[in-house]
Amino acid sequence: MITDNKGAIIQVNDAFAGICGYSRDEVLGKNPRLFSSGRQTKEFYASMWHDLNKNGHWYGEIWNRRKNGQIYAVKENISSVFDVQGKPLHYVALLSDITLAKEHESELDHSAHFDALTNLPNRTLLADRLNQAIVQCKRKKQLLALVFLDLDGFKIINDTYGHLAGDQLLIATANNMQQTLREVDTLARIGGDEFIALLVDVGDMTACVPLFNRLLVAAAMPEPFNDVTLQVSASMGITFYPQTEEVDADILIRQADQAMYQAKLTGKNRCHIFDVALDNLTRSHNESLESIGNALAAGEFVLYYQPKINLRQGKIIGAEALIRWQHPDKGLLAPADFLPFIENHTLSIDIGKWVINTVLTQIECWHASGLNLPISINIGARQLQQDGFFECLRTLLAAHPTVKPGDLEMEILETSAMRDLNKVSELIENCREIGIYFSLDDFGTGYSSLTYLKRLPVKQIKIDQSFIRDMLHDTDDLAIVEGVLALAAAFSLEVIAEGMETTQHGEMLLQIGCDLAQGYAIAYPMPAAELESWASTWKPDTSWLDRPSFMRDDLPLLFANAEHGAWINAIENYLNSNFDTPRPNNLNCRFGNWLNTQNPDKRINLQAILPLHQQLHKLAAELIDLHAEGHTKAAFASFAELKSLQDTLLQTLKLLIQEKWK
Ligand code: C2E
Ligand code: MG
Ligand code: MG
């Protein structure tokens, strides 16, 4: 095609006429605008003219329209012909029809992005759209849902009725599901009977539940095929974006896939929403497991040792090995910071083995330098249940010939023994035969069942530290400690108190008949290297020496302190509260009952304490009544007197106790 410098056509050949469908006569004198398809923008033409005038030629592709209206593509090469002054005289265009090539290209493009069977977007296009949707969510602060769908029972249809049936069902199902979605959503087929729906801007999580249900219904619509009806259902896994942590398209697809698997597991034909919090927990759990495993390999665990004492004799009777993690960044970590992570993992067995081995080596060292102390080891539930634990223990012992079995003790929790009572009692029995004894740790916090106590051949009960800590102020805890002591006596078991934090705790323990103890008041757990010098310098508190233990009958005398302290606190709280809170009552004053049963002229002088105790109760009752009648101010006025009566009572009690043990 040749035009003049205004663009009017002055010559075309036959081939040109063949392409555009216009005859030569029809186009002569016309502007090539005649062929415009409207697909090119103004800017496109402006740039073309710019090139032609500046460089003298233009090369590119243009979509044009034939005479019959059909759109076609040409590859066009235009050159300007200039006169001697350099002004354009003509434009000469050489063009070829590339419509077929273009169509083929777009077919290729389509098959690269769409599934041939259902014509739905494929995985590639879905990934593209998902990435775009994520960007959009961030910008517009929207929520998107990603649904992973897998048809239930599709394989059976394929196997039973053949692939044609399967294909037809897939097409129909794809169609039905597509119908339930909005224009902006994407349903993609990503494999055999797997689909993904991308739902953008879904409002909130609960708002899309009806949509999910519609998808389920659509996936389960029956499809007639020859003379049978084909029907499947769908398992759907759903995840949302954004999440607390930044995630990408791949992760979202994996999450939805994982949730779909859950839906399958829990019975198919249902939705399961991916639990982000649970996943984070599992992931951090796995990370912890890995780092604990590495720590063991790197030798970052150490054992601390906490002495155990016979208070009455002022003698060290042993020490408990307690594990610590010397963490390179976080410092010294307590067992509670890492043991819970490995509780149900084989790693706990490896660490348990390391503990036994380290203790045995340590005992050998101490023997060599003259320190002979039984060391107790905490055995975790899993280690305790492990097959071959006893044999393993014997092998370890054999490797340390200077250690006698009696140098080693085991502490177990009642709860871990319970999991397989027969097996554990057999293990305890076997160990006992070779001289290794067991202790029931944290006693009182589990079931504290008499049946277990009867069936577990342990030697010792360790009263849990929570009861010991509070027994000076809390009569319930004191009663529990006393109860455990009685129980232990009935079963002929030794008792040790753990968590003895002050010397007063020691006094009380001795008085109620618990001679063995462990706790901060004696020593904190310490590195192995410090135990020897500690043992050679430690002295028991003088208040413990020669302290009598009371007969059971006289225990109320010991209770009086805690009992009245708690009661007066309750009265003070009552005075500070409104009237309808229940009145503190003192009907069960154990000390009062005890006083009443004492023969006055028998063992001790009760002359001083009897009236004092009565006075205290009388005044307390008056204060309670005053408050109940609304005279709270008056009640408070006498509260100081009540406190001072209580102090006098305590002083007198102290004297009484001293007098009693002379
Ligand atoms: P546990 O066997 O009951 O050990 C007593 C815990 O009480 C220790 O805590 C000890 O440091 C702490 N303690 C001692 N005296 C006092 C005190 O006067 N007051 C207070 N408040 N606490 C006191 P730790 O070392 O943190 O150990 C905690 C638990 O971890 C242990 O309880 C034991 O069940 C477990 N554990 C420790 N080492 C090992 C081990 O090597 N293997 C296994 N399986 N468990 C272990
Ligand atoms: Mg213990
Ligand atoms: Mg304990």
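In what follows, residues are counted from 1 in the order of the sequence shown. As the structure lists them, so they are numbered: ligands from 1, and atoms in each ligand from 1. It should be emphasised that the depicted structure is a prediction, and the values quoted were computed from it without experimental measurement.
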Peer 1: Is Glu501 reaching over with its side chain to a backbone N or O of Gly519, donor-acceptor style, under 3.5 angstrom?
Peer 2: no

Peer 1: Would a distance-only check, ignoring hydrogens and angles, find a side-chain to backbone donor-acceptor pair under 3.5 Å from Lys423 to Gln385?
Peer 2: yes

Peer 1: Regarding Thr502 and His505, do their side chains bring together a donor and an acceptor under 3.5 Å, going by distance alone?
Peer 2: yes

Peer 1: Using a cut-off of strictly less than 2.8 Å, determine whether Asp442 has an N/O/S atom near the Mg ion (ligand 3).
Peer 2: yes

Peer 1: Below a 4.0 angstrom heavy-atom separation, can you tell me which part of Lys462, side chain or backbone, both or neither, approaches ligand 1?
Peer 2: neither

Peer 1: Which residue is it: Glu320, Glu498, Glu411? I am looking for the one with a salt bridge (Lys or Arg N to Asp or Glu O under 4.0 Å) to Lys308.
Peer 2: Glu411

Peer 1: Among all the protein's heavy atoms, is there at least one whose distance to atom 27 (O) of ligand 1 comes out below 4.0 Å?
Peer 2: yes

Peer 1: Among Glu411, Gln465, Arg469, Glu501, which one has a heavy atom closest to atom 19 (N) of ligand 1?
Peer 2: Glu501

Peer 1: Give me the nearest non-hydrogen protein atom to atom 30 (O) of ligand 1 as residue plus atom name, then the distance to 0.1 Å.
Peer 2: Pro335 CB, 3.4 Å

Peer 1: Within rounding of 10°, what is the angle whose vertex is the Mg ion (ligand 2) and whose arms end at OE1 of Glu411 and OE2 of Glu320?
Peer 2: 90°

Peer 1: Could you list which atoms of ligand 1 come closer than 4.0 Å to a heavy atom of Glu498?
Peer 2: 3 (O), 5 (C)

Peer 1: Check whether Asn576 reaches the backbone of Asn573 with its side chain - one donor and one acceptor, N or O, closer than 3.5 Å.
Peer 2: no

Peer 1: For Arg382 and Glu343, indicate whether the former's side chain and the latter's backbone hold a donor-acceptor pair under 3.5 Å.
Peer 2: no

Peer 1: I'd like to know if atom 9 (O) of ligand 1 has any protein heavy atom within a distance of less than 4.0 Å.
Peer 2: no

Peer 1: Mind checking whether Glu320 contacts ligand 1 via backbone (N, CA, C, O), side chain (CB onward), both or neither, at a 4.0 Å heavy-atom cut-off?
Peer 2: side chain

Peer 1: We want to know whether Gln460 and Ser439 form a side-chain donor-acceptor pair, criterion being a heavy-atom distance below 3.5 angstrom.
Peer 2: yes

Peer 1: Using a strict cut-off of 4.0 Å, indicate which atoms of ligand 1 neighbour a heavy atom of Arg324.
Peer 2: 11 (O), 24 (P), 25 (O)

Peer 1: Which ligand 1 atoms does Gln306 reach within 4.0 Å, using its non-hydrogen atoms?
Peer 2: 14 (C), 15 (N)

Peer 1: Return yes if some donor-acceptor pair links the side-chain N/O of Ser348 with the main-chain N/O of Asn344 below 3.5 Å, else return no.
Peer 2: no

Peer 1: Return the closest protein heavy atom for atom 1 (P) of ligand 1 as residue, atom name and distance.
Peer 2: Asp441 OD2, 3.6 Å

Peer 1: When the ring centroid of Tyr305 is compared with that of Trp366, is the distance short of 6.0 Å?
Peer 2: yes

Peer 1: Please check this pair: side chain of Ser638 against backbone of Glu641, looking for a donor-acceptor N/O pair closer than 3.5 Å.
Peer 2: no

Peer 1: For His564 and Gln646, which I'm curious about, is there any donor-acceptor pair between the side chains at under 3.5 Å?
Peer 2: no

Peer 1: Among protein heavy atoms, which lies nearest atom 36 (N) of ligand 1, and at what distance?
Peer 2: Leu339 CD1, 3.8 Å

Peer 1: Just need the protein heavy atom nearest to atom 16 (C) of ligand 1, so name the residue and atom and give the distance.
Peer 2: Tyr520 CE2, 3.2 Å

Peer 1: Considering only heavy atoms of Gly380, which atoms of ligand 1 have at least one such atom less than 4.0 Å away?
Peer 2: 44 (N)

Peer 1: So does Asn378 have any N/O/S atom less than 2.8 Å away from the Mg ion (ligand 2)?
Peer 2: yes

Peer 1: Got the closest protein heavy atom to atom 31 (C) of ligand 1, with its distance?
Peer 2: Leu322 CD2, 4.2 Å

Peer 1: May I ask you to check if ligand 1 and Ile323 share an N or O to N or O distance below 3.5 Å?
Peer 2: yes

Peer 1: Please name the pair of heavy atoms, one in Leu333 and one in Phe338, separated by the smallest distance, quoted to 0.1 Å.
Peer 2: O-CE2, 3.6 Å

Peer 1: Which ligand 1 atoms, with their elements, are less than 4.0 angstrom from a heavy-atom of Met500?
Peer 2: 18 (O)

Peer 1: Does His367 reach the main-chain N or O of Asn372 with its side chain, forming a donor-acceptor pair under 3.5 Å?
Peer 2: no

Peer 1: Starting from atom 11 (O) of ligand 1, find the nearest protein heavy-atom neighbour and note its residue, name and distance.
Peer 2: Pro525 CG, 3.3 Å

Peer 1: For atom 42 (N) of ligand 1, state which one of Asp442, Asn378, Asp464 supplies the nearest heavy atom.
Peer 2: Asn378

Peer 1: So which bit of Ile351 gets within less than 4.0 Å of ligand 1, heavy atoms only: side chain, backbone, both or neither?
Peer 2: neither

Peer 1: Rounded to 10°, how many degrees is the angle OD1/Asp441-the Mg ion (ligand 3)-OE2/Glu498?
Peer 2: 110°

Peer 1: Out of Phe591, Trp594, Trp567, which one pairs with His613 under the ring pair (Phe, Tyr, Trp, His ring centres under 6.0 Å) rule?
Peer 2: Phe591

Peer 1: With heavy-atom distances below 4.0 Å as the criterion, list the atoms of ligand 1 near Val355.
Peer 2: 41 (O)

